[in-house]
Amino acid sequence: MAHQEMEAHLKDKFLNGLSMKDKSISKIPRYHQFQDIKNLLEVMFSASTPADPSVRDKLYKLNNLLTECKMLSRKHCFNSPEELITIHRIRRDLRLIKKEIQAIVSEEASTRGNSTEERNIGDSSSPDIDILRWTTRAVDATKVYGFDDEVLSLENLLLKKGSDVHQFKAVGIVGRDGIGKTTLCQLMFNKEEVKKDFNPRIWVCMARHPDEDKAEDLKVAIVKRMLKYLGVEEAIVKSVCDVKPGLEGLLCALYLQLLGKRYLIVLDDARETDSWYKELDSSLTHDKKWGDSFGFGFPKDSGGRVIVTSRNEKLANIMVGKENVHHLEPMLDNESCWAIFKDSVIDEDLLPANHSTLEAELKLEVKQKCGGLPLAAKMMGQAMQKQEEERT
C-alpha cells in the first residue's frame with residue numbers, strides 16, 4: 001500500500017471509530033479531545049494528504065489510544081488506580097498529538113495562503129492543560145495531604161545549618177506515576193524559608209518540551225533551558241555555542257552562572273539513563289572536558305542543592321547516590337485520600353453528611369480504589385463531579 005493510501009486508511013479508521021453510529025462513543029474517556037483532533041484531521045486532509053512524514057505515526061498512535069479508551073469505557077467505571085493513571089497518560093498523549101497536528105495544519109495553511117480561520121480549529125482552551133511539569137506554580141499547602149514526614153526530611157536537607165552548609169548536596173525522590181513527587185517538590189520550592197535561603201531557584205522539567213526542536217540533542221536542550229531560566233539571554237547562549245559547540249560551552253556557561261551562589265535546582269521527571277547524567281556530585285578534573293558529565297555544570301562549594309524526581313529508581317541512584325534517594329510510598333491512611341477526593345469535588349452537595357454511615361463507606365471505597373495514589377484520588381473526585389454535571 002502506498003504511503004498516501006496508508007495514511008488515508010489510518011485517518012478513515014480513526015474517524016469511523018468516532019462515528020456516532022455507536023451511541024456509546026460519547027461516553028469514552030477523553031471523548032472531547034478525540035473530537036478536537038478529528039476536526040483537525042479533517043482540515044489537514046481536506047486539500048491533499050499531508051507531506052509531513054510524522055503524520056502516519058500520529059495516526060497509528062491515535063487509533064491505539066482510541067481502542068484503549070473504548071476498552072476502558074466498557075468497564076463502566078474505573079476501579080483501579082492503574083486505570084485512572086492510564087487515562088491521565090492518554091490525556092497528555094492526546095494533548096501533545098493535537099499540538100503537533102495544529103502546527104502541521106498551520107504550516108500547510110500558511111503555504112497555501114489560507115486565512116487563519118482554518119488554523120484555529122480545535123484550538124479551544126481547556127482546563128485539562130497540565131502545566132505542573134513546566135512551571136513553578138505555587139501549591140496550596142492547605143490542600144496537600146500525607147506528606148508531613150517527607151516535608152520534614154526535605155526541609156532538613158535544604159535548610160539545616162551545620163559544618164557542611166557550603167557543600168553541594170543532591171537528593172532523589174522516587175515513586176510511581178501519580179504518587180505526588182512533583183507536588184511535594186513544588187510545595188518545598190515555594191516555601192518562604194527556601195526562597196530566602198536560595199538564589200537562584202529554578203525548576204527544570206527533564207522531558208522533551210513540545211515546542212523544542214526534536215532534532216536537537218535532549219542534553220543540549222536541557223542545559224539551554226537551564227541557562228534561559230537563569231536569565232541568560234538567547235543571543236548570549238548562541239554566542240557560547242558558536243565559540244564552543246555542544247555541551248562543552250553550555251556546561252561551562254552554566255557553571256559560571258551558578259558560581260558563588262547558593263542555588264536550588266529541581267530536575268523534575270528525569271528519564272534518560274545515559275551515563276552523562278550520573279554522579280551529579282562529580283567535579284571537572286584535568287583529564288576530563290566540560291561536556292563529559294552533567295555534574296560538571298554544578299559548582300560544589302557554595303551550598304548548592306539539586307533535587308531529582310524520577311519514576312526510575314536506578315536512574316535516581318546513579319544521579320545522586322543510592323543513600324540519597326528517598327522513596328515515596330502510597331498513602332496508607334483513609335483521611336489523606338479522602339481529603340484529596342473531597343477537594344476535587346466542587347459541588348459539596350454531592351458528598352454525604354459528615355460522620356454518616358454513607359461517608360464512612362465512601363471514604364473506604366476511595367481508599368481502596370485510589371490505591372494510596374494522590375492523583376488517582378483527585379481524578380476520582382473529578383470524575384464524580386463530571387458525572388453529576390452530565391446528569392444535569
Side-chain angles (χ1 to χ4, degrees), residues 1-22 24-75 78 82-109 111-112 118-124 126 128-130 133 177-178 205-218 221 269 271-273 311-312:
M1 188 179 289
H3 294 315
Q4 291 185 342
E5 291 177 352
M6 174 61 78
E7 287 164 0
H9 167 73
L10 291 170
K11 182 262 297 183
D12 290 341
K13 181 180 178 182
F14 176 71
L15 298 187
N16 291 335
L18 286 171
S19 170
M20 292 307 294
K21 292 178 181 178
D22 179 359
S24 64
I25 192 66
S26 62
K27 302 299 182 183
I28 66 169
R30 316 316 309 165
Y31 171 72
H32 294 294
Q33 275 185 289
F34 282 115
Q35 283 293 330
D36 282 348
I37 293 173
K38 174 185 175 182
N39 294 337
L40 281 168
L41 288 175
E42 288 173 339
V43 171
M44 182 191 294
F45 281 83
S46 60
S48 61
T49 303
D52 193 302
S54 68
V55 169
R56 185 187 304 183
D57 290 338
K58 293 177 178 55
L59 291 169
Y60 272 122
K61 189 160 189 176
L62 281 170
N63 278 294
N64 289 338
L65 293 173
L66 181 57
T67 299
E68 206 170 355
C69 284
K70 286 182 175 181
M71 292 175 65
L72 285 168
S73 68
R74 291 180 188 136
K75 305 183 86 170
F78 309 114
E82 287 77 14
E83 289 165 344
L84 291 166
I85 299 302
T86 294
I87 296 171
H88 183 64
R89 185 257 304 162
I90 290 172
R91 182 188 73 174
R92 290 186 298 187
D93 289 347
L94 289 174
R95 189 177 65 249
L96 178 58
I97 291 172
K98 175 183 172 182
K99 187 179 183 71
E100 291 172 342
I101 293 176
Q102 283 174 330
I104 295 171
V105 170
S106 295
E107 183 177 350
E108 294 191 353
T111 302
R112 295 194 302 268
E118 280 188 351
R119 302 177 210 171
N120 292 328
I121 293 177
D123 194 28
S124 57
S126 168
D128 287 333
I129 294 176
D130 181 6
R133 289 288 182 200
D177 199 9
C205 180
M206 299 292 280
R208 172 77 68 184
H209 195 289
D211 292 336
E212 289 174 344
D213 182 2
K214 292 181 174 59
E216 185 174 54
D217 185 347
L218 180 58
D269 197 21
R271 305 178 184 188
E272 300 296 316
T273 55
R311 285 168 278 179
N312 187 330

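Rounded to the nearest 0.5 Å, atoms CD (Gln33) and CZ (Arg95) are 7.5 Å apart. Within the model, atoms CZ of Phe14 and CG of Asn64 stand 11.5 Å from one another, a figure rounded to the nearest 0.5 Å. From Ile28, atom CD1 reaches atom CG of Leu18 across 6.0 Å, with rounding to the nearest 0.5 Å. Atom NZ of Lys11 sits about 9.0 Å away from atom CG of Asn16, to the nearest 0.5 Å. A distance of 4.5 Å separates CG of Leu62 from CD1 of Ile97, quoted to the nearest 0.5 Å. Atom CD of residue Glu7 and atom CG of residue Asp57 lie 9.5 Å apart, to the nearest 0.5 angstrom.
Taking 4.5 Å as the limit, every side-chain heavy atom of Lys98 sits out of range of all side-chain heavy atoms of Leu94. Taking 4.5 Å as the limit, every side-chain heavy atom of Ile101 sits out of range of all side-chain heavy atoms of Val55. The closest side-chain heavy-atom distance from Arg311 to Arg271 is below 4.5 Å.
By the salt bridge (Lys or Arg N to Asp or Glu O under 4.0 Å) test, Lys13 is found to be paired with no residue, residues two or more places apart in sequence or in another chain being considered. Residues passing the salt bridge (Lys or Arg N to Asp or Glu O under 4.0 Å) test with Glu100, sequence neighbours excluded: Lys58, Lys214.
Nearest heavy atom pair, residue Arg208 against residue Leu218, reads NH2-N, 3.6 Å. Nearest approach of Pro29 to Phe34, heavy atoms of both residues: O-CE1, 3.7 Å. Minimum interatomic distance between Gly17 and Ile25 (heavy atoms only, all atoms of both residues): O-CD1, 3.3 Å.
Remark: side-chain polar atoms of Asp269 are not paired, donor with acceptor, to backbone N or O of Met206 under 3.5 angstrom.
Each of Leu72, Ile90, Leu66, Asp36 was scored for a side chain to side chain contact (heavy atoms under 4.5 Å, CB included) with Arg30, with one residue passing: Ile90.
Ion pairing of Arg89 with Asp177 is absent here, as no side-chain N (NZ or NE/NH1/NH2) approaches a carboxylate O to less than 4.0 Å.
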